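Working notes, structure below.
Quick note: numbers below take in every heavy atom, side chains included, and nothing from hydrogens, waters or symmetry partners. In the text below, chain A, chain B and the rest are named by the order of the sequence lines, each starting its count at 1. These numbers were taken from a predicted model, which means no experiment stands behind them.
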Amino acid sequence: MSYGYGGGGGGGGRRGRRGGRGYRDSSRERWDRGGGGGGGGRGHSRNSDFGSRDEQERGGGQRDRPPPHLKGREIGLWYARYGAVRRKQADRRSVCTQDILYLFAHVCMCDYKKNRNMNNFVPIDRAYRPFPPFLSFSYLKDEPPDQWDEEEQQEEKEKVRAKEKDLEYLFHKVVRDSDLDDYLKRDLQGKKLDLKYQEMLEVVELINCNRVVVVSGETGCGKTTQVTQFILDDHIERGMGSLCRVVCTQPRRISAISVAERVAAERAETVGDGNSSGYQIRLQCRLPRRQGSVLYCTTGIILQWLRSDPLLSSVSHLVLDEIHERNLQSDVLLVIVKDLLKLRQDLKIILMSATLNAEKFSKYFDNCPIIHIPGLAFPVEEFLLEDVVEMIRYRPQRQDHRPSRKRGFMQGRHSRPEKEEKEAEYRESWPCYARTLQGSCCLLVVVAPCWFGVPVNCWCCLVSLVWQEGAILVFLPGWDNISSLNDLLMAQQMFRSVQSHLLLSPQVFKRPPPGVRKIVIATNIAETSITIDDVVYVIDGGKIKETHFDTNNNISTMAAEWVSLANAKQRKGRAGRVCPGKCYHLYNSLRASLLDAYQLPEIMRTPLEELCLQIKILKLGPIAGFLRKALDPPTEKAVSLAIKHLIDLNALDRSENLTALGVHLARLPVEPHIGKLILFGALLGCLDPVLTIAASLSFKDPFFIPLGKEKMADMRRKTLSRNSKSDHLTIVNAFQGWEEAKRRGARYEREYCWDNFLSANTLQMLHNMKGQFAEHLMGAGFVSSKDPKDPMSNVNSENEKLIKAVIVAGLYPKVAMIRPSHSKKRPGVKVYTQADGKVCIHPKSVNAEETEFNYTWLIYHLKMRTSSIFLYDCTEVSPFSLLFFGGDITIQKDEDQETIAVDQWIVFRSPARIAHLVKSLKKELDSLLEGKICNPAPVDWHNRQSKDCAVITAIIDLITTQEKPTSSTNSASYGRPWASAPRGQHIYFNDDDDDDDDDN
DNA sequence: GAGCACTGC
């Protein structure tokens, strides 16, 4: 298929569509229906008339001829443009004296003027050179390579002359040409008949005739921006525009905004402002008019809408985009929508999916019709490891045999059972597969020690191999691999003399200047979330990090796994955005044959507590029953575990009804533990700092740790912790510092963030989220102002110990025990949890290397198993905070000691008299808090006579002053009455390092 | 001694 100049040309048209400029008619592109399915395959996708040089050369000698459908003047102009293209190519070849290496986190530049010595670069056997012509290294030379010789230059001159001749018309008077008139008219009519109007009718007709339609097509085929507009315009044309309100869900905030902006531009409008297109995402919206409009929003927004409008009565068409990604939220919305169809006869559902699994969604909705929109991507040639090894003539070298794998890289020992089965199958099939490779060098790949499954040299060779025009995108699973590959490449002569830029630089997205080329090394963030437009080569490392929830051990895990076919396809697609590309998958064909079709849907690998609360607040029926209706239901074990946790948290009662606390937690847009933290922050008068903590735990940590600056970043965080032994308070301190710096001006803000390794964007988001939480609290009646900084909500905000107690109240029972370590090799402490035994404090925590703790207990929020089990954030907490804000208290009197225990495992020695006092005070507190939760009202801190205030103040005093010897409750003869009792009967591990004295 | 990716009226 070809695009003559009348159609705008392949390249020009694409630019128009992507650039977001120009009006709809000029920018909307044809959806090629004759293409024979999908855009990924070779040869049938769109291409420009000029094609690539390789293709023309391989394609049978048509390289200098215009396409046959062109006539007269078009042929002349074709030559003119062709000449320009060839000249540009020639220019590029001659000026490439500098190259650039972009890293996702590091942006590095290298200057070939200083390092042109190719001999130091390619570490393979030189006897296998030269490379095939299309892999020439000619760009490294100052002069064009030999192949680009006189003959071609002569051709070039001829093209220029042809072009000049043709362009003479510029100086002629315009005269009427009736042939041309006819042609233009036919052309325009043809376009109307053949292209978009016809297709619009087809799509819209299908939607009009069916309640549910699946629209399948690859990313970039225009379905997101076009289908919505087709629906709207059809209604407007039929004089029914006011009945149309299209809502289109997006999995990511950024895409909701960019798509809305793109549609607005196509319609020659601004986004929002009561126009026909707009967006809504959390804390940010530009709404279109209520009727006759298209709204793009994140999926979470619709789930929130459902709380106040379970029928989505204001929506006429609900478009669910990117459902093939199988996000938790889109899977949940699918179940809801399926039920909603029974109640809303007039609602139209349009499901948009990648081609790969469109069928599945159609089946889910009673075999609803599927319409396919061919992709606009360029063809991408794919290679597997066997091809790559063959191409680079790989032979193992002596240096290959030194171990080059970084510690714990594969993290295979924690692999999931299903993955283990796949591995077994791979091992089983290996001998047979190996026989088919007899004599091929591919076998060596497996024999030689590898970095990341691929011999170290291969990586450098491969990068050099594709060191052609166009950007290179390398997919690796994690930062450590990115860092290693960076080091690997930097060790090569050609990449020496680099300038490093910290952080994700905007340069990653920019086209490099002439003569400069880029390599982007990225995680799967570059699969969907960011798009680097000029990528021509993709190197797919074949692995992806995946979180999973291990229901047997009740722990989240993250490990590098083999990609799914869907990931591989998505990665490949990244190479075909500007011209035909190439994709190198670094796994062999046996592995390729064993790849899963898709990643496990998120709903099947994530804890479900929050989702269960949502199901209850949306009144969607019994939790298990609802989840069984999902496209891929989570396991019953995962569901019952989540319900059990919610009962333990007192969010659900035994009959699975929401408690008063559960209702509040379900309303807050955070997971239940963080919700509880927020409520306690409000009730105990330390709202502002607690909201900072809640926002950061729920969104993300504002600290970033650049590669190579780990020590410095650690030091700055440690300073900000002010010896609080708390990651949570460190964030509070950092946030307060940021607020102060921001007040002083933008320059100070920038400096503060830079000095302390903080992200201003994240801090701003946290600030906005805090406002949202405070509004919720005011709406529910817990505070009297929607300002998180309102003095009435912050009477205790300076009380660090109380804030720590509130963290316990929110995060309990996520508690770990600290024991001293006697290891000489690794000084510090040992940390244990009840369920996991020994765990590690994550190295980024301010407590990671701490040896001096005041107490023996930590509270944490995120625990995950990667190379070990890590507590990602933690705060040292006191016994009193655990006693008052933890679980049930039991008092025991054994022969030699009296103890008080929280949930029977956090055991303290205590005289019975004090233990009983604590227990009764805790009972008072519980009933008071229960009352507050059932009938929310701000605590009247001024009225010290009120019972509320009396009890709370007593507890606050106790928590605040506990370790002082003169403390009122800490009376008389107890030197260390609250020391932990490691020999308590329920402590599960045998750690014989108790050196506490018994003063009793 | 380590950081897949998202999201919330």
With sequence neighbours left out, the residues meeting side chain to side chain contact (heavy atoms under 4.5 Å, CB included) with A:H317 are A:I207, A:I231, A:H235, A:C244, A:V246, A:K348, A:I350

Spacing between [X] atom [atom1] and [N] atom [atom2], to the nearest angstrom:
{"X": "A:I482", "N": "B:dC4", "atom1": "CD1", "atom2": "C1'", "value": "10 Å"}
{"X": "A:R253", "N": "B:dC6", "atom1": "CZ", "atom2": "C1'", "value": "11 Å"}
{"X": "A:I617", "N": "B:dG8", "atom1": "CD1", "atom2": "P", "value": "19 Å"}
{"X": "A:Q284", "N": "B:dT7", "atom1": "CD", "atom2": "P", "value": "12 Å"}
{"X": "A:W562", "N": "B:dC4", "atom1": "CH2", "atom2": "C1'", "value": "16 Å"}
{"X": "A:L287", "N": "B:dC9", "atom1": "CG", "atom2": "C1'", "value": "11 Å"}
{"X": "A:E325", "N": "B:dC4", "atom1": "CD", "atom2": "C1'", "value": "14 Å"}
{"X": "A:F703", "N": "B:dA2", "atom1": "CZ", "atom2": "P", "value": "20 Å"}

Taking only the side-chain heavy atoms of [X] (C-beta and beyond), determine which of [options] contains the nearest atom.
{"X": "A:D714", "options": "B:dC6, B:dG8, B:dA2", "value": "B:dA2"}
{"X": "A:F870", "options": "B:dC9, B:dG8, B:dA2", "value": "B:dA2"}
{"X": "A:I301", "options": "B:dA5, B:dG8, B:dG3", "value": "B:dG8"}
{"X": "A:T866", "options": "B:dG3, B:dG8, B:dC9", "value": "B:dG3"}

Side-chain H-bond candidate by donor/acceptor type, [X] with [Y], under 3.5 Å:
{"X": "A:R282", "Y": "A:T298", "answer": "no"}
{"X": "A:N567", "Y": "A:S564", "answer": "yes"}
{"X": "A:T557", "Y": "A:D550", "answer": "no"}

Any side-chain N or O of [X] less than 4.0 Å from the OP1 or OP2 oxygen of [N]?
{"X": "A:W479", "N": "B:dA2", "answer": "no"}
{"X": "A:Q772", "N": "B:dC9", "answer": "yes"}
{"X": "A:T298", "N": "B:dG8", "answer": "yes"}
{"X": "A:T547", "N": "B:dA5", "answer": "no"}

Please classify the nucleic acid contact of [X] as base, sugar-phosphate, or nothing, using heavy-atom distances under 4.0 Å.
{"X": "A:D701", "value": "nothing"}
{"X": "A:E775", "value": "nothing"}
{"X": "A:L303", "value": "nothing"}

Point to revise | Under 3.5 Å: donor-acceptor pair, side chain of A:T523, backbone of A:G478 | key: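 The answer is no, because no donor-acceptor pair under 3.5 Å joins these two groups.
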
Judged by nearest nucleotide, the residue sitting upstream toward the 5' end of DNA chain B, A:S308 or A:N524, is A:N524

On DNA chain B, more 5' by nearest nucleotide between A:P843 and A:P669 is A:P843

Exercise for review: Test the A:R326-A:Y598 pair against the cation-pi criterion, namely NZ or CZ under 6.0 angstrom from the six-membered ring centroid and within 45° of the ring axis.
Suggested key: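 Output no; distance or angle outside limits.
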
